[in-house]
**Q** 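I have a structure I would like to understand better, so I am pasting it below and will then ask my questions one at a time.
All figures in this text were calculated on a predicted structure; none of them were measured in a lab.
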Amino acid sequence: MAHNNSKEKIVYVGDSRVRKGNGFITPPDYTAYPGKSEAFIPNFLLKEWMVGVVVLVGFLVLTIAEPAPLGYPANPTASVIPMPDWYFLFLYQFLKYPYASGDYVVLGTLGIPGVAFGSLLLAPFLDRGKERRFYKRPIASSLMFLSLASIVYLTNFAWTHYQEELKATGQVPEHIQREEEAREKREKGLPTSNATKQQEVAIVDKDDPAMETYKKATCVSCHAADLKGVAGPSLRGVGDKHGKEEIMSIIKEGYNGRMPAVYDTAIGAGVTDEELDHLAEWLAKQKTEQ
């Protein structure tokens, strides 16, 4: 409020004594403050790139310090249900549909994913509106919610179908097998690490005719000619774990999802039932101490 002796002109609003303002004054942008702003290219991008390099180096150090554990030896004769990592489950399920596989595999692997990820990359350039409230952006918000719902649905469906396939085939995933083996070793007081060096076990009755049956039945393809195992486990000392009847059952029915039944393959190779029975008896003799 001006004093009585002031010559300043006072403009009143109605009956109030509040001076009339000039309205909302838009604050200046950062270009009015030298040294307080920087160019996006290349300054800001360079800083982001440096942060990305630091994160990448951190990941490389972790992978070198803690390498990925080796899984079980590959068994080409075993029936395995392939499964990708969890973050690719939705794409894995998507490729099962007829319009994304077979004659349309290019559309399923390159076409639709390329459009989806390409649109995501181009979104900042295509949608340049100033509105940031999602309910004020119906098109962008609808596409976002639709994409999220599709990914959640496909991921859940893929995992549920995988569990049903495991139950139907009686297979046990590798990580479950590892946990069961580690628990059995702990109960027996044995070390749980697979890195411990196993004691060399000799072959019992190496000149037995069952050795020829073993080779004729194509057992060597998984368990090797020296019984130490290649794609399959070692059979040296197998008699400590399984008797003749159990070994015969494994030959006919397979074992715990890790070894398929080989009875039909052996019969197809010309091995008789009597020879298989003698082979099971010979394998039951393969014990650590004789």
Side-chain angles (χ1 to χ4, degrees), residues 67-83 165-185 188 190-290:
L70 295 177
Y72 290 94
N75 186 357
T77 62
S79 56
V80 179
I81 302 175
M83 281 293 288
E165 285 183 309
L166 288 178
K167 292 180 180 179
T169 58
Q171 297 186 38
V172 180
E174 181 180 346
H175 68 281
I176 301 297
Q177 296 178 17
R178 286 176 175 270
E179 293 175 0
E180 293 177 352
E181 291 179 358
R183 184 176 62 254
E184 291 176 358
K185 290 180 179 180
K188 295 179 181 180
L190 300 175
T192 58
S193 174
N194 294 327
T196 56
K197 185 177 181 179
Q198 297 182 350
Q199 181 181 2
E200 183 71 21
V201 179
I203 300 178
V204 180
D205 295 337
K206 187 175 182 179
D207 297 329
D208 192 286
M211 175 61 85
E212 295 301 321
T213 303
Y214 170 81
K215 297 177 181 179
K216 186 177 179 181
T218 69
C219 301
V220 294
S221 60
C222 293
H223 302 287
D226 56 2
L227 277 68
K228 289 185 177 181
V230 181
S234 173
L235 295 180
R236 294 196 181 190
V238 68
D240 296 332
K241 301 178 181 178
H242 305 289
K244 176 184 174 182
E245 299 300 328
E246 292 178 316
I247 294 175
M248 198 65 196
S249 177
I250 293 173
I251 292 174
K252 292 182 177 180
E253 302 175 4
Y255 179 67
N256 199 23
R258 287 182 287 175
M259 175 179 173
V262 295
Y263 178 80
D264 294 337
T265 303
I267 295 298
V271 180
T272 63
D273 288 330
E274 290 76 12
E275 289 175 329
L276 286 177
D277 184 79
H278 182 63
L279 175 62
E281 181 181 359
W282 177 69
L283 289 174
K285 296 178 182 179
Q286 304 301 321
K287 297 184 178 181
T288 305
E289 297 180 359
Q290 294 293 325

**Q** With a 4.5 Å limit on heavy-atom distance, are the side chains of Ile247 and Lys244 in contact?
**A**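 Of all side-chain heavy-atom pairs linking Lys244 with Ile247, none is under 4.5 Å.
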
**Q** Using a 4.5 Å cut-off on heavy atoms from C-beta on, say whether the side chain of His278 contacts that of Thr213.
**A**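 Result no, sub-4.5 Å side-chain heavy-atom pair not found.
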
**Q** Tell me the closest heavy-atom pair linking Lys241 and Glu246, and the distance in Å.
**A** O-OE1, 3.6 Å

**Q** For residues Gln286 and Leu235, report the shortest heavy-atom separation together with the two atoms involved.
**A** CB-O, 3.8 Å

**Q** Let me confirm one number: the OH-CG distance from Tyr214 to Asp208, rounded to the nearest 0.5 Å.
**A**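 The distance works out to 14.0 Å.
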
**Q** Among all residues two or more places apart in sequence or in another chain, which pass the side-chain contact (heavy atoms from CB on, under 4.5 Å) test with Ala261?
**A** none

**Q** Taking C-beta and beyond as the side chain, do Asp273 and Tyr263 meet within less than 4.5 Å on heavy atoms?
**A** yes

**Q** Looking at Ser234 and Leu227, would you say the former's side chain and the latter's main chain have a donor-acceptor pair under 3.5 Å?
**A**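 Side chain of Ser234 to backbone of Leu227, a donor-acceptor pair under 3.5 Å: yes, one is there.
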
**Q** Checking Thr265 now: which residues fulfil side-chain contact (heavy atoms from CB on, under 4.5 Å) with it, not counting sequence neighbours?
**A** Thr218

**Q** Keeping Lys216 on the side-chain end and Val271 on the backbone end, is there a donor-acceptor pair under 3.5 Å?
**A** no

**Q** I'd like to check Leu279 versus Leu276 (side-chain heavy atoms, cut-off strictly below 4.5 Å). Are they in contact?
**A**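 With C-beta onward as the side chain, the pair touches.
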
**Q** What's the spacing between Glu245 CD and Ile250 CD1 if we round to 0.5 Å?
**A** 12.0 Å

**Q** For the residue pair Thr169 and Glu165, what are the closest heavy atoms and their distance?
**A**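 Closest heavy-atom pair between Thr169 and Glu165: OG1-O, 2.8 Å.
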
**Q** Just by distance, do the side chain of Glu212 and the backbone of Pro209 share a donor-acceptor pair under 3.5 Å?
**A**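 Checking the backbone N and O of Pro209 against the side chain of Glu212, no donor-acceptor pair under 3.5 Å is found.
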
**Q** Can you tell me how far the CG atom of Leu283 sits from the CD1 atom of Ile251, to the nearest 0.5 Å?
**A** 6.5 Å

**Q** Ala266 and Ala217: which non-hydrogen atoms are nearest, and at how many Å?
**A**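 Taking every non-hydrogen atom into account, CB-CB, 3.8 Å.
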
**Q** Atom CZ in Arg183, atom NZ in Lys185: separation rounded to 0.5 Å?
**A**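 Spacing of CZ (Arg183) from NZ (Lys185) equals 13.0 Å.
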
**Q** Quick one, Asp226 and Lys206 - any side-chain contact, counting heavy atoms below 4.5 Å?
**A** no

**Q** Hey, what do you get for CE (Met211) to NZ (Lys215), rounding to the nearest 0.5 Å?
**A**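 Result: 6.0 Å between the selected atoms.
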
